[in-house]
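So the structure is just underneath, and the comments pick up after that.
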Amino acid sequence: MTPAGHRLPRAVLAALATGGGGPAAVEVLRSAQHSKNLLLIRALVVLTHGVDHPDRAAVEAAYRLVGGLDRGQRQAAWGHPPVAAWAFGTASLLSRGERAAAYPGLLAAVATAAAVRARADADLDVPLDPATPGRLDLPGLGTLRVDPTATRAHVRCAGGRAEVRCAGERIEIGYDHTPDHRWRPYPELRAAHGGLTLRLLLDTGTWRHVPVALGVGAHPIAGSVRDPGRWQHRLRGAWRLLADEHRAVAEEVAVALRTLVPLSPPRAGVRSGTFHHGFGAVAMSLPPDSRSAAVTLAHEIQHLKLAALTDLFPLVEPGPDESFYAPWRPDPRPLEGLLHGAYAHLGVAGFWRRQRLVERDPAARQHAEVEFVRWTRAVGETVPVLAAQPRLTPVGRRLVDGMTQVLDRWARDPVEPDAAADAGRLLATHRAQWDRERAGARPA
């Protein structure tokens, strides 16, 4: 399993710089992420050997098994978003000598799931995570409840089924059936419209094993999804809207996203985020309506693309610990965070620019126009700040130039005076609140 070399065509970078890129750009980024994941998994195996971790034999056997599968099956195993995030975090722990905090044995569970999906024969010893007793989480498949005192499971796979031997019990599990009440397959949300299909797996179990990344910022991941039907309803409506009115966004989302990470709900609105080392995952709380779900996907696909791009090229040179005002955040942002936010909110502004033209209800059309003006101006205020920074790399500067071109074009769009005034008030209120909080934080 040798990672490939990668080149980013200038035309792809140019398309990404203006906030787009399309499925072709996402595939280029996905391919590079696959190589990154291969390197992380290999590093994890080497490090587990180097520190003589108790899971070493199980890890090496799992690595050999997945290495013997075909390329598509290997990519599905290593590229499953929570597995990629776990591999990064676990390799980091082992490289720092934090052996006790690491759980490399999840690789055996990854191999078990891959063998079941591939209908391959396998005989694997799977260490259980002491931090989550009573669970055997098989990434991308489901969770098996086992004896809480068990520390290991032995699994035999054949023909898409597996027999788990654990704490004196034998339990059968399967890829496409549920023979035992203790086995809970992960639900999948599916939406199809206009020739495009969105599939998001609700694999909450595997995320439990990701070091540190048990939330997006300060937002905790929900332990389970009590009512997948509500998520299904929201996403189907969002997908119809994206496929019909925001086709370019829908095409990118369909190619890029694979898993949904449910977040605990806020008091109002939607929490959302992506994981730098979990390409293909989107995290969000249950949106209040389909339009909110659609704009959240349009927002987060921008973060996902830019995070993957930064694994290929640095956007900002190292430098002093500076922070900047961001019209979309209550807290100061570092330079790279400011660039990420501007890029994501260019996508948000683009969503509302299109949405204002298709809303039939006057109040909804007014809201869309206010949001378009608000986020266009927010990014427009931020881009000159970014352009003035000498720490931008050539690729970072190319992104800023691309965003400037888009904003210059959008500046010619006519907008209703009332919408422009409302947007201006929202921006002014945000800045005034930020200034008050900064003034209160200064020493007397």
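All values below come from the heavy atoms of this structure, side chains included, with hydrogens, waters and symmetry mates left out. Residue numbers run from 1 in the order of the sequence given.
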Query raised in the report: Hey, are the side chains of W410 and V373 touching, using non-hydrogen atoms and a 4.5 Å cut-off?
Result: no
Report summary line: Rounding to 0.5 Å, atoms OG1 (T90) and CG (L107) come to a distance of 9.5 Å
**Report entry** Any W434 side-chain heavy atom under 4.5 Å of R329 side chain
**Finding:** no
Query raised in the report: Should the heavy atoms of other residues, nucleotides or ligands under 6.0 Å from CZ of R431 be counted, would the total exceed 12?
Result: yes
Query raised in the report: Backbone N or O of A58 within a donor-acceptor pair of the D55 side chain at under 3.5 Å?
Result: no
Query raised in the report: Could you state the interatomic distance from CG (L136) to CG (L106), rounded to the nearest 0.5 Å?
Result: 9.5 Å
**Report entry** D401/R398 salt bridge by N-O under 4.0 Å criterion
**Finding:** no
**Report entry** side chain to side chain contact (heavy atoms under 4.5 Å, CB included) evaluation trace for E245 with R354
**Finding:** CA-CA 7 Å; E245 310 299 347; R354 295 181 295 270; 5.9 Å; no
**Report entry** Side chain to side chain, L312 and L29, heavy atoms closer than 4.5 Å
**Finding:** yes
**Report entry** Side-chain donor or acceptor of R234 paired with backbone N/O of A293 under 3.5 Å
**Finding:** no
Report task. Mind listing the closest non-hydrogen atom pair of H80 and G140 along with its distance? Result -> NE2-N, 3.4 Å
Requested in this report: May I ask you to decide if the ring planes of W375 and H345 are parallel, tilted or perpendicular, using 30° and 60° as cut-offs?
Outcome: tilted
Requested in this report: May I ask you to decide whether E359 forms a salt bridge with R291, counting only side-chain N to carboxylate O separations under 4.0 Å?
Outcome: yes
Query raised in the report: Side chain of Q73, backbone of A114: donor and acceptor closer than 3.5 Å?
Result: no
Query raised in the report: Can you find a pair of side-chain heavy atoms, one from V316 and one from L392, that are under 4.5 Å apart?
Result: yes
Requested in this report: Would you give the length of the straight line joining atom NE2 of H6 to atom CD of Q33, rounded to the nearest 0.5 angstrom?
Outcome: 9.5 Å
Report task. Would you kindly say whether Q366 and D418 are connected by a side-chain donor-acceptor distance under 3.5 Å? Result -> no
Report task. Start with the C-alpha distance between R425 and D422, add both sets of side-chain angles, then the distance that settles salt bridge (Lys or Arg N to Asp or Glu O under 4.0 Å), and finish with yes or no. Result -> CA-CA 5 Å; R425 281 191 288 270; D422 287 348; 2.2 Å; yes
Requested in this report: Measure the shortest side-chain to side-chain distance between D311 and F279 over non-hydrogen atoms and say whether it is less than 4.5 angstrom.
Outcome: no
Query - Nearest atoms (heavy-atom pairs only) where E381 meets P327 - result: OE1-CG, 4.1 Å
Requested in this report: Return the orientation label for the H277 and F88 ring planes: parallel under 30°, perpendicular over 60°, tilted otherwise.
Outcome: parallel
Report task. Looking only at non-hydrogen atoms, find the nearest pair between S285 and V270 and report the distance. Result -> OG-CA, 3.5 Å
Query raised in the report: If you round to the nearest 0.5 Å, how far is OG1 of T404 from CZ of R409?
Result: 12.0 Å
**Report entry** Over all atoms of both residues, closest heavy-atom pair of V395 and P314
**Finding:** CB-O, 4.3 Å
Requested in this report: Given side-chain hydrogen bond (donor to acceptor under 3.5 Å, both in side chains), test H299 with S272 step by step and report yes or no.
Outcome: CA-CA 9 Å; H299 179 168; S272 66; 4.9 Å; no
**Report entry** Minimal non-hydrogen separation, L346 against M403, with atom names
**Finding:** CD2-CG, 3.7 Å
Report task. Dump the intermediate steps for ring pair (Phe, Tyr, Trp, His ring centres under 6.0 Å) on W352 and H367, then the final yes or no. Result -> CA-CA 9 Å; W352 291 115; H367 173 75; 5.2 Å; yes
Requested in this report: Using a strict 4.0 Å threshold on nitrogen-to-oxygen distance, state whether R356 and E369 make a salt bridge.
Outcome: yes
Query - Under 3.5 Å: donor-acceptor pair, side chain of S31, backbone of E27 - result: no
Query raised in the report: Where the side chain of Y343 meets the backbone of L16, is there a donor-acceptor pair that is under 3.5 Å apart?
Result: yes
Query raised in the report: Among D203, T132, D137, whose side chain to side chain donor-acceptor pair (under 3.5 Å) with T143 holds?
Result: D137
Requested in this report: Please tell me if the side chains of V66 and I41 come closer than 4.5 Å, counting only heavy atoms from C-beta onward.
Outcome: no
Query raised in the report: How far apart are the closest heavy atoms of D413 and F372, and which atoms are they?
Result: OD2-CZ, 3.8 Å
**Report entry** Spacing of CG belonging to L297 relative to CG belonging to L257, to within rounding of 0.5 Å
**Finding:** 6.5 Å
Query - Donor-acceptor contact below 3.5 Å, side chain T259 vs main chain L200 - result: no
Query raised in the report: Is any NZ, NE, NH1 or NH2 atom of the basic residue among E188 and R190 found under 4.0 Å from an Asp or Glu carboxylate oxygen of the other?
Result: no
Query - Evaluation steps, side chain to side chain contact (heavy atoms under 4.5 Å, CB included), between E251 and L196 - result: CA-CA 7 Å; E251 289 173 345; L196 293 174; 4.0 Å; yes
Query - W86 side chain to Y103 backbone, donor-acceptor under 3.5 Å - result: yes
Query - Side chain K305, main chain G19, donor-acceptor under 3.5 Å - result: yes
Query raised in the report: For the atom pair CZ (R184) and CG (L144), what is the distance rounded to the nearest 0.5 Å?
Result: 11.0 Å
**Report entry** NE2/H430: more than 12 non-hydrogen atoms of other groups inside 6.0 Å
**Finding:** yes
**Report entry** Min side-chain heavy-atom separation H49-E60 under 4.5 Å
**Finding:** yes
Query raised in the report: Within a strict 4.5 Å, meaning less than it, do heavy atoms of the L44 and L40 side chains meet?
Result: no
Query - Exercise: do R436 and Q433 side chains pair donor with acceptor under 3.5 Å - result: yes
Requested in this report: Could you go through the side chain to side chain contact (heavy atoms under 4.5 Å, CB included) check for Q355 and E371 one step at a time?
Outcome: CA-CA 10 Å; Q355 191 64 23; E371 292 295 285; over 6 Å; no
Query raised in the report: Counting distance only, does the side-chain N/O of E252 pair as donor-acceptor with the main-chain N or O of A248 below 3.5 Å?
Result: no
Requested in this report: Starting from the C-alpha separation in whole Å, work towards a yes-or-no answer on side chain to side chain contact (heavy atoms under 4.5 Å, CB included) for V261 and W207.
Outcome: CA-CA 8 Å; V261 184; W207 286 101; 3.3 Å; yes
Query raised in the report: Sub-3.5 Å donor-acceptor pair from the side chain of R240 to the main-chain atoms of S290, do we have one?
Result: no
